[in-house]
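First comes the structure, then the notes that go with it.
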2 protein chains.
Amino acid sequence: MKKSLPPKPTDTELAILRVLWRLGPATVRTVFDELNRAQATGYTTVLKMLQIMTEKGLVRRDESERSHVYETTFSEQQVQCQLVGHLLDRAFGGSAQKLVLQALATKKSSPQELAEIRKLLNELEGGKS
Amino acid sequence: MKKSLPPKPTDTELAILRVLWRLGPATVRTVFDELNRAQATGYTTVLKMLQIMTEKGLVRRDESERSHVYETTFSEQQVQCQLVGHLLDRAFGGSAQKLVLQALATKKSSPQELAEIRKLLNELEGGKS
DNA sequence: AGTTGTCAACGAAAAACTTCGTACTTGTGG
DNA sequence: CCACAAGTACGAAGTTTTTCGTTGACAACT
């Protein structure tokens, strides 16, 4: 079974995807309003982006209503996986360890977060078959 | 004290930076040869890229010899930090934890690597001031 | 029927990135 | 001095990404 992988989204596309992940299926108007909380942008710009993203397969469109409703094709995790994989190859020579160390060094994490990571670490080490 | 941060390199630029990190200061010819091991590309293309990267401040150029010698302006770690920070903001809502978990899930790491990570984790938790 | 507001579609322009041909320079060997 | 090899500079074209103005459709309201 062949799994179609998400094309790597650009930064702008990612910003839109993040809105859709947060709000669920939404119209251009909704995405536009939400996006404008953070950054000024034109309505037709968002519309065009969503049209292009539809062509690329990043989102799907329900045209049954006059205002089309867009939803993401891939889960947030799928895309994150894609992006991490890309960065891993391009910048870290494929070493997840280096990336992780860098990430932990880059941004302080709370004790809770560190505990979460430790937990996963235990599973990975312990659950070794 | 103003810290000049590296502009985010594109994928192509990153490929060149990686050669320079690996080999140290090098001429266009050297970078070109090295790059062509993996992917076919033209000599003047590499030259042009290095010229542009010089303008952007990603590399510096020693023109004292006829064949100019290029070297990176920023360390591999500095750029990795920049890229991780970028991805963190754009795709993970700033949560290093999520990125780490994703990275560990994306690619299997060896026990040694996991141990390394655990070590850093201990330092971060223990070295709490 | 006419006006108004909302929407999708389209195309064009701008910006960023990538590639490479061509021209000019300089050093080397004949 | 001439030809050739290796190098840099430059500009142009191709590609991708981003932005937005304009147009036409459609519905609601008067």
Side-chain angles (χ1 to χ4, degrees), chain A residues 6-20 23 25-71 79 82-83 86-87 90-91, chain B residues 6-20 23 25-71 79 82-83 86-87 90-91:
Chain A
K8 188 189 144 190
T10 65
D11 281 352
T12 307
E13 287 166 347
L14 195 52
I16 291 178
L17 287 176
R18 279 168 63 75
V19 170
L20 290 176
L23 303 186
T27 63
V28 177
R29 172 68 52 191
T30 307
V31 173
F32 167 70
D33 288 341
E34 192 61 23
L35 227 45
N36 267 322
R37 301 196 165 285
Q39 61 196 268
T41 182
Y43 175 86
T44 55
T45 303
V46 178
L47 171 64
K48 183 65 160 184
M49 285 305 301
L50 280 165
Q51 286 171 347
I52 290 172
M53 289 166 76
T54 303
E55 284 169 18
K56 289 191 186 176
L58 281 171
V59 298
R60 264 169 310 179
R61 173 164 63 180
D62 175 357
E63 308 182 5
S64 65
E65 298 295 322
R66 174 155 141 69
S67 294
H68 300 174
V69 174
Y70 292 85
E71 68 177 332
V79 172
Q82 160 83 17
L83 291 171
H86 190 83
L87 187 63
R90 298 283 193 268
Chain B
K8 188 189 147 191
T10 65
D11 282 354
T12 308
E13 288 166 346
L14 197 50
I16 291 179
L17 286 176
R18 279 168 63 75
V19 169
L20 290 177
L23 303 185
T27 63
V28 177
R29 173 66 53 190
T30 307
V31 174
F32 167 71
D33 288 343
E34 193 62 22
L35 228 45
N36 268 321
R37 301 195 163 286
Q39 60 197 269
T41 182
Y43 176 86
T44 55
T45 302
V46 178
L47 171 64
K48 181 67 160 184
M49 284 306 299
L50 280 165
Q51 286 170 346
I52 290 172
M53 290 166 76
T54 303
E55 284 168 19
K56 288 191 187 176
L58 280 171
V59 299
R60 264 170 310 183
R61 174 163 62 180
D62 176 357
E63 306 183 5
S64 65
E65 297 296 322
R66 173 152 145 70
S67 294
H68 299 175
V69 174
Y70 291 86
E71 69 177 332
V79 173
Q82 158 83 16
L83 292 171
H86 191 84
L87 187 63
R90 299 281 192 264

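Just so you know, these numbers use all the heavy atoms, side chains as well, and skip hydrogens, waters and symmetry mates. Per chain, numbering begins at 1; letters A, B, ... match sequence-line order.
At a cut-off of 3.5 angstrom, the base of D:dA6 holds at least one donor-acceptor pair with the side chain of B:Arg66.
Between A:Thr10 and D:dT16, a side-chain N or O to OP1/OP2 separation shorter than 4.0 Å is absent. The phosphate of D:dT18 (OP1 or OP2) has no side-chain N or O of A:Thr45 nearer than 4.0 angstrom. Distances shown here put a side-chain N or O of A:Lys56 below 4.0 Å from the OP1 or OP2 atom of D:dT17. Close to D:dT8, at under 4.0 Å from its OP1 or OP2, lies no side-chain N or O of B:Gln51. At D:dT18, one or more side-chain N or O atoms of A:Thr12 fall inside 4.0 Å of OP1 or OP2 (strictly under the cut-off). Note on A:Arg61: a side-chain N or O is less than 4.0 Å away from OP1 or OP2 of C:dA9.
Atoms CD1 (A:Ile52) and C1' (D:dC20) sit 12 Å apart, rounded to a whole Å. With rounding to whole Å, B:Leu58 atom CG is found 14 Å from C:dA16 atom C1'. The separation between A:Glu13 atom CD and D:dT19 atom C1' is 14 Å, rounded to whole Å. Taking atom CD of residue B:Gln39 and atom C1' of nucleotide C:dT19, one finds them 12 Å apart after rounding to whole Å. If you take CD1 of B:Ile16 and C1' of C:dT19, they are 12 Å apart, rounded to a whole angstrom. Going from atom CG of A:Asp11 over to atom P of D:dT19 covers 11 Å, rounded to whole Å. The CE-P distance, from A:Met49 to C:dC10, rounds to 17 Å in whole Å. Counting to the nearest Å, the P atom of C:dA16 and the CE atom of B:Met53 are 18 Å from each other.
Which of D:dT19, C:dG21, C:dT19 sits closest to the side chain of A:Lys48 comes down to D:dT19. Proximity note for A:His68 (side chain, C-beta onward) versus C:dA8, D:dG21, D:dA9: the nearest is C:dA8.
Looking only at distances, no side-chain donor or acceptor of B:Thr30 sits under 3.5 Å from a matching main-chain atom of B:Ala26. In this structure, the side chain of A:Thr45 does not engage the main chain of A:Thr41 through any donor-acceptor pair within 3.5 Å.
DNA chain D is contacted by both A:Lys8 and A:Gly42; A:Lys8 maps to the nucleotide lying nearer its 5′ end (nearest heavy atom per residue).
Here A:Ser67 lies in heavy-atom contact (under 4.0 Å) with sugar-phosphate atoms only. At a threshold of 4.0 angstrom between heavy atoms, the contacts of A:Tyr43 are confined to the sugar-phosphate backbone, with no base atom among them.
Counting heavy atoms from C-beta outward, B:Leu58 and B:Ile16 have side chains that stay 4.5 Å or more apart.
Contact check on B:Arg61 versus B:Glu71 returns no salt bridge, with no Lys/Arg side-chain nitrogen under 4.0 Å from an Asp/Glu carboxylate oxygen.
Other residues, nucleotides and ligands place no more than 12 heavy atoms under 6.0 Å from the CD atom of A:Glu65.
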